[in-house]
Visitor: 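Please read through the structure below; I'll follow up with questions.
Letters A, B, ... mirror the listed sequences (proteins, then strands); counts begin at 1.
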Amino acid sequence: MSEPATIPDPPGTTPPQRYTASLATDLERHWRERWESDGTFRVPNPGDPDFDASRPKYYCMDMFPYPSGAGLHVGHPIGYIGSDIISRFYRMKGYNVLHPMGWDAFGLPAEQYAITTGIHPADTTRAAIKTYRQQLDAIGFSFDWSREIATIDPDYYRWTQWIWLQAWNAWFDHEQGHARPVDELISELKAGKRDVEGRPWKDLDTSEQQAYIDDQRLAYLSEQVVNWCPRLGTALANEEVIDGRSERGGHPVIRKPLRQWMFRITAYADRLLTDLDTVDWPESTRTMQAEWIGRSEGADIEFACDLQNTIRVFTTRPDTIFGVTFMVLAPEHPLVKSILADPPTGMDVAPLARYVAEASGRADVERMADQQEKTGVSLGISAINPATGETIPVWVADYVLMGYGHGAIMAVPGHDERDAAFAKRYELKIRPVVKSTSLDDDTDCFTGDGIAMNSSGSTLSIDGQVSAEACNSVIDWIEQQGLGERRVRYRLRDWLFSRQRYWGEPFPIVHDAEGRTWPISDDHLPVTLPPLEDFAPVESEDPQPLLAKATDWLHTTAGEAGVDPSLLPPDTPVTRESNTMPGWAGSCWYHLRYCSPNCSDRFVDAEAERYWLHDGVDLYIGGAEHAVLHLLYARFWHKMLYDLGYVSAPEPFKKLFHQGLLTSWAYQRSDGSLVPVDEVEEQSSDRFIEIATGDSVKRIIAKMSKSLRNVINPDEVIETWGADTLRLYEMYMGPLEASKPWNPRDIVGVFRFLQRLWRLVVDEQTGELQLAEQPDETIERALHRTVRRVETDIERIAFNTAIASLIEFTNEATSSGRLTADQVERLVRIMAPLAPYIAEELWHRLGHQSSVALANWPDVDESMLVDTTLELPVQIKGKVRSKITVAADADEATIQEMALADARIVELIQDTPIRKVIVVPGRIVNIIT
RNA sequence: GGGCCCGUGGCGGAAUUGGCAGACGCGACGGACUUAAAAUCCGUUUUCCGAUAAGGAAGUGUGGGUUCGAGUCCCACCGGGCCCACCA
């Protein structure tokens, strides 16, 4: 990497006790070891001997890292520094602070690495964790490492599996709006309080009963069209597919029917949406989740068609029913399948078969590329528009998706652009039925709300009604006719939860020869990952999970696997589930495990959970890229556990904060391609040369990445400047939430500040403290103001301005002389959350034995914050012309009098008549002439 | 295509509810110390007119508006970013 702009402290020439990088490094190592051996940051749980129940709690949590082989770069810890400042601050404010850290250690990268190197993912992951831990420790975080967790520890994933089993053992009672144990459903069915689609429970045979129950579970097996990524050799959740490509790696994704484990997250759509109003989250993230859940109101409508069938559709615009001139089914629609299997006499199904086959094999990227091009084939049957009585054709087209609604639509080419494009291409009838109320809307396809027209010819007439009213009329009519009903639908789909990969949690379930599933009993958890040496994906037309390679492990008996003998005789041959859970599983509940990481008889100790999480995590800091992935999944798990009585709050994360991205310089050739940083020479501040070619390149700002070689390692920064400087610089760059560029030139600014602070207190020659006997009045007031500013800035997560206040105070104190011991103590304490090492060192030099991290935050004397007089600007017609000094409590009349008497104002106004004087006490005077 | 966010000196960025735009830091320039350099310290630093003064003018992407007063509120546009995207 490029050299720092200024090289601090050339050896041998500086005073022996100056705050230099080497002095910083020495004292940082010393305090790091001391904090560790003293257990300074260990926080007790309720019930522990040193627990203090009189203190309020503060749970401050980071999104834990995925430990990758590359190690940390300076962008990673930016959020951790923020959460550390907050944690240290609340600790000093007298809170019990839970500030834990752990490792999100299952996942694809380690496994991809294993495919090429043959090194077991466990080995690379353990090594990476060790590196990460060292790097994090150097920065001086106040994590309670006694609570460290890793999702790959069997003691951890045992409970991940256990929670999954709770979901498997639960169903969603839509009448009560929450999940309940499946046993309760079974007993209600047995007691005749419920039936199965009109049939009494006792009329079902055993396999029908089991199939019905399995279908009700929150974790269930389902054959459906999934996102299959051939390159990764696994199915992916919707949330993991971005623009038709895998979120990890950017590989194309196709649609493929597969039998997979699903989570019934859709049952929670409504609550996941409405509870967003109860959390203190960034607006943008709440919007993103709301849009992902995608609530829409409308109706289900049934259309009669040939073959004594009906086609059910969902529409948000029932008011346009008179404009329905054809229908369209998704290629995967069951009716399409049945027609292909048993075509009506005389129909040539070849074009249909061809179209369906083509559509099913296409990658989503291709489908998206030609979105404009609407293609389809006629299904060869017709339906009846119930409103007009008209016979309308039925088509098949891949712009209709099987995954939403019923996989079928009523097409309204007059008021829907997609239907319009399709109708034009295949010359289908278009009938407008909604008039725009605005005159300048003369599009031939009006999609907005308007006034209904052309609705004569049936028992229903809605002409003249505005859209909302017309919708209600149509829905009422449809319900009367028994053709359908009002419906709320969500865009959210059930969560595909199984992966065909190795490096994840195995499912605690087995399959018997009849295809039934049996859970592993709690005392046999965890189901540990079998050893494997070959990690290459199984190449097959019919995708196979990787664990199927572990044949000895795969085929076992019920007793061996740990199925309860009362369910299945121990010698029954069974096959283990060979899919694994996705990388998100472990992160869905780690906020719970931190409360009692060593609890061995429960996933979380109940009392600890009630204490730390009765109102959720107080502050959760992490990247915005998880807005609809981890953050949605974790909310879902938490709600599930809440319904089943295992946790005490409906939401896991009360306040959420996203740290911004750290960018760095990169270099670009004139053709737009990028040049690695180390292949560029800086000739002047605006001229950069690619060394190999001698061509001039442009400096741009880009995300830190290995390929650009513009990644900055925190270890190097700490070596050059010390960890306190790294912390301060990262926080001083700008607001924590903003994305901002790393500029090595700027680091020296905060380093100089620490040096000045040190020099203010310590004699650079002797190392003796230099203190004043008597406090200076002005400085004392400034200190009180600074304490207040720093505490309010830390509370509102504005560390950049907190540091600016500290710099300002230090400069002011330096130019006016010395501080008293008492003043230095207060200054050191308010520095402690931001620059903990230097604060700790000075605190001990002042004679303290215990850590400054455990000291109280200094009190502010409110009377020291108010000045007796203040200076007010006086404007004439909005331009500042003079300033007057008034008593702080002066009333409007007095201020006006003084302003008008001011010599400069008198001179400027002379005999100009004054029309008005605006006086805002404490702020401004504005004279209007 | 839809939704959301952001545009402030050479650079990173300040500016509680509309009330002195540019805090603080970097860089730059000048000075002190030094044989010299580094480090450190002091001063200047939005632009323009003016003399390096006094004083004045312009100024927060562009153009309008509301207001005694707009970086902040409203409308339109330009530029950048993020999210969603055949969701019926």
Side-chain angles (χ1 to χ4, degrees), chain A residues 5-10 13-15 18 20 242-243 282-285 287-288 290-292 294 296 298 313-317 320 328 330 367-368 370-374 397-401 403-412 416-419 421-422 489-493 624-625 627-628 661 685-686 728-729 732-735 738-750 752-753 755-756 759 764 792 796 798 800-808 811 814-815 871-883 915-920 922-929:
Chain A
T6 317
I7 298 166
D9 323 320
T13 55
T14 41
R18 172 166 289 176
T20 60
I242 295 161
D243 293 337
E283 187 61 40
S284 58
T285 305
T287 306
M288 256 186 254
E291 281 173 359
W292 188 260
S296 46
V313 300
F314 172 71
T315 177
T316 53
R317 291 295 301 273
T320 61
V328 187
R367 281 162 46 85
M368 290 168 151
D370 48 36
Q371 246 183 54
Q372 311 311 322
E373 201 72 5
K374 301 271 180 292
D398 68 355
Y399 81 90
V400 174
L401 308 172
Y404 188 75
H406 301 283
I409 60 156
M410 56 177 229
V412 188
D416 181 287
E417 278 169 17
R418 295 153 300 178
D419 298 342
F422 193 77
R489 210 164 263 289
Y490 298 91
R491 206 187 69 119
L492 183 73
R493 318 285 166 79
E625 67 275 16
V628 290
L661 199 70
S685 62
D686 58 353
L728 283 185
Y729 173 60
Y732 189 60
M733 294 171 78
S739 139
K740 47 213 172 264
W742 182 268
N743 186 348
R745 192 178 266 175
D746 286 341
I747 304 174
V748 71
V750 286
R752 283 181 191 147
F753 158 57
Q755 223 167 30
R756 276 199 302 277
R759 188 164 42 237
E764 292 190 326
T792 52
R796 63 187 186 102
N800 53 333
T801 49
I803 296 166
S805 301
L806 286 161
I807 295 175
E808 230 170 318
N811 291 347
T814 299
S815 48
E871 198 179 52
L872 285 190
V874 180
Q875 298 181 329
I876 296 174
K877 290 205 283 189
K879 286 193 188 299
V880 179
R881 296 301 176 183
S882 185
K883 287 178 183 178
R915 290 198 295 158
K916 198 174 176 186
V917 180
I918 286 144
V919 179
V920 184
R923 286 282 184 201
I924 207 160
V925 180
N926 194 1
I927 300 164
I928 316 302
T929 55

Visitor: With nearest nucleotides of RNA chain B determined for A:Y490 and A:V880 from heavy-atom distances, which residue corresponds to the more 5′ nucleotide?
Guide: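 The residue mapped nearer the 5' terminus is A:V880.
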Visitor: When you compare B:G9 with B:U45, how far apart are their C1' atoms, in angstrom units rounded to a whole number?
Guide: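 It works out to 10 Å between them.
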Visitor: What closest approach, in Å, do A:D419 and A:M410 show between heavy atoms, and which atom pair accounts for it?
Guide: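 Looking at all heavy atoms of both residues, the closest pair is OD2-O, 4.0 Å.
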Visitor: Atom CG of A:L661 to atom P of B:C82: distance rounded to whole Å?
Guide: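 Nearest whole value for this atom pair: 10 Å.
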Visitor: Can you check the A:E291 CD to B:G3 P distance for me, whole Å?
Guide: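 Answer to the nearest Å: 10 Å.
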Visitor: Taking atom P in both B:A15 and B:C73, what distance in whole Å separates the two?
Guide: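 Per the computed distance, 14 Å lies between those P atoms.
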Visitor: Tell me the closest heavy-atom pair linking A:E871 and A:P873, and the distance in Å.
Guide: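 Heavy-atom minimum between the residues: O-CD, 4.0 Å.
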Visitor: Any idea which of B:C24, B:G19, B:A88 is nearest the A:I924 side chain?
Guide: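 Nearest to the side-chain atoms of A:I924, counting from C-beta on, is B:G19.
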Visitor: Do you know the tightest heavy-atom contact between A:A411 and A:V328?
Guide: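 Nearest heavy atoms, A:A411 then A:V328: CB-CG2, 4.3 Å.
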Visitor: Could you tell me which nucleotide pairs with B:A28 by Watson-Crick or G-U wobble geometry, both distances under 3.5 Å, or answer none if nothing does?
Guide: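 B:A28 is paired with B:U44.
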Visitor: How close do A:V628 and A:M288 get, counting heavy atoms only, and between which atoms?
Guide: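 Taking A:V628 first and A:M288 second, the nearest heavy atoms are CG1-O, 3.7 Å.
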Visitor: Say we look at B:C24 and B:C74: how far apart would their P atoms be, to the nearest angstrom?
Guide: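 So the two P atoms sit 31 Å from each other.
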Visitor: Could you state the CZ-C1' distance from A:F753 to B:G25, rounded to the nearest angstrom?
Guide: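 The distance from CZ of A:F753 to C1' of B:G25 comes to 11 Å, rounded to the nearest Å.
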Visitor: Which atoms form the tightest heavy-atom contact between A:A330 and A:V400, and what is the distance?
Guide: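 For A:A330 and A:V400, the tightest heavy-atom pair comes out as CB-O, 3.2 Å.
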Visitor: If we take the P atom in both B:U16 and B:G3, what is their distance in whole Å?
Guide: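 That atom pair is separated by 29 Å.
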Visitor: About how many Å separate CZ of A:F753 and CD1 of A:I803, when rounded to the nearest 0.5 Å?
Guide: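 Nearest 0.5 Å value for the CD1-CZ distance: 8.0 Å.
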Visitor: Hey, which of these two, A:I409 or A:T814, hits RNA chain B nearer its 5' end, going by closest nucleotide?
Guide: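 Nearest-nucleotide comparison on RNA chain B picks A:T814.
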Visitor: Determine the interatomic distance between P on B:G71 and the same-named atom on B:G7; round to the nearest Å.
Guide: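 After rounding to an integer number of Å, I get 13 Å for this pair.
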Visitor: Looking at A:R759, does any N or O in its side chain come under 4.0 Å of the phosphate oxygens OP1/OP2 on B:C41?
Guide: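 For B:C41, OP1/OP2 do have a side-chain N/O of A:R759 under 4.0 Å.
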Visitor: Can you tell me how the ring of A:Y399 sits relative to the ring of A:F422, calling it parallel under 30°, perpendicular over 60° and tilted otherwise?
Guide: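 Taking A:F422 first and then A:Y399, their aromatic rings sit tilted (interplane angle of 30° to 60°).
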Visitor: Could you tell me whether the phosphate oxygens of B:G55, OP1 or OP2, come under 4.0 Å of any side-chain nitrogen or oxygen in A:R881?
Guide: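 Looking at the OP1 and OP2 atoms of B:G55, neither is under 4.0 Å from any side-chain N or O of A:R881.
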Visitor: Mind checking the C1' distance from B:U8 to B:G80? Whole angstroms is fine.
Guide: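 Looking at atom C1' only, B:U8 and B:G80 are 15 Å apart.
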Visitor: What integer number of Å spans the P atoms of B:C20 and B:G31?
Guide: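 Those two atoms are separated by 37 Å.
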Visitor: Any base atoms under 4.0 Å from A:S284, or only sugar-phosphate, or nothing? Heavy atoms, all strands.
Guide: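 Counting heavy atoms under 4.0 Å across all strands, no contact is made by A:S284.
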Visitor: Please check the phosphate of B:G19 (OP1 and OP2 only) for any side-chain N or O of A:K879 closer than 4.0 Å.
Guide: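 So the side-chain polar atoms of A:K879 never come under 4.0 Å of the phosphate oxygens OP1 or OP2 of B:G19.
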Visitor: Counting heavy atoms not belonging to A:E417, are there more than 12 under 6.0 Å from its CD?
Guide: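 Atom CD in A:E417 is not crowded, with 12 or fewer foreign heavy atoms closer than 6.0 Å.
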Visitor: Kindly say if A:R752 contacts the phosphate of B:G25, meaning a side-chain N or O under 4.0 Å from OP1 or OP2.
Guide: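 No, because none of the side-chain N or O atoms of A:R752 sits under 4.0 Å from OP1 or OP2 of B:G25.
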Visitor: Give me the distances for all protein-to-nucleotides 66-71 of chain B N/O pairs that come in under 3.5 Å?
Guide:
unit_1, atom_1, unit_2, atom_2, d
B:C68, O2', A:N926, ND2, 3.4
B:C68, O2, A:N926, ND2, 2.8

Visitor: Quick one: look up who B:U35 pairs with, Watson-Crick or G-U, both distances under 3.5 Å, and put none if it's unpaired.
Guide: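 Its partner is none (no Watson-Crick or G-U wobble pair with both distances under 3.5 Å).
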Visitor: How close or far is atom P of B:G19 from atom CD of A:E871, stated in whole angstroms?
Guide: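 Atom CD in A:E871 sits about 18 Å away from atom P in B:G19.
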Visitor: Roughly how far apart, to the nearest Å, are B:U46 and B:C26 at atom P?
Guide: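 16 Å, rounded to whole Å.
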Visitor: Using purine N1 to pyrimidine N3 plus N6-O4 or O6-N4 for Watson-Crick, or N1-O2 and O6-N3 for G-U wobble, both under 3.5 Å, which nucleotide pairs with B:A51?
Guide: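 No nucleotide pairs with B:A51.
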Visitor: Figure out the CD/P separation between A:E808 and B:C24, and round it to whole Å.
Guide: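 Those two atoms, CD and P, are 5 Å apart.
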Visitor: Which part of the nucleic acid, if any, lies within contact of A:R756, taking any heavy atom under 4.0 Å across all strands shown: a base, the sugar-phosphate backbone alone, or nothing?
Guide: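 Counting heavy atoms under 4.0 Å across all strands, the contact made by A:R756 is with sugar-phosphate only.
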Visitor: Would you kindly say whether A:Y404 and A:S296 are connected by a side-chain donor-acceptor distance under 3.5 Å?
Guide: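 Distance-only check passes for A:Y404 and A:S296.
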Visitor: With rounding to the nearest 0.5 angstrom, report the CG to CD distance, A:L492 to A:E291.
Guide: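 Output value for this atom pair is 13.5 Å.
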Visitor: A:Q755 has an atom CD; how far is it from atom C1' of B:A38, in whole Å?
Guide: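 Result: 12 Å.
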Visitor: Looking only at non-hydrogen atoms, find the nearest pair between A:Y732 and A:V750 and report the distance.
Guide: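 Smallest heavy-atom distance, with atoms named: CD2-CG1, 3.8 Å.
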Visitor: At 4.0 Å (heavy atoms only), tell me whether A:D419 reaches a base, stays on the sugar-phosphate, or touches nothing.
Guide: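 A:D419: no heavy atom of the nucleic acid under 4.0 Å.
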Visitor: In whole Å, I'd like the distance from the CD1 atom of A:I747 to the P atom of B:G27.
Guide: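 Atom-to-atom, A:I747 to B:G27, this comes out as 12 Å.
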Visitor: Would you mind calling B:G9 syn or anti? Take O4'-C1'-N9-C4 for purines or O4'-C1'-N1-C2 for pyrimidines, and syn is within 90° of 0.
Guide: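 Syn.
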Visitor: Quick one: what's the B/S/- string for nucleotides 9-17 of chain B, heavy-atom cutoff under 4.0 Å, read 5' to 3'?
Guide: ---BSSS-B
Visitor: Over how many whole Å does the gap from A:L728 atom CG to B:C26 atom P extend?
Guide: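 It works out to 13 Å between those atoms.
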Visitor: Using Watson-Crick or G-U wobble geometry with both distances under 3.5 Å, which nucleotide pairs with B:C77?
Guide: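 For B:C77, the partner nucleotide comes out as B:G61, under the 3.5 Å rule.
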Visitor: Any strand is fair game: report the nucleotide pairing with B:G1 by Watson-Crick or G-U wobble, both distances under 3.5 Å, or none.
Guide: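 B:G1 is paired with B:C84.
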Visitor: Distance from A:L728 atom CG to A:I807 atom CD1, nearest 0.5 Å?
Guide: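 CD1 of A:I807 is found 8.0 Å from CG of A:L728.
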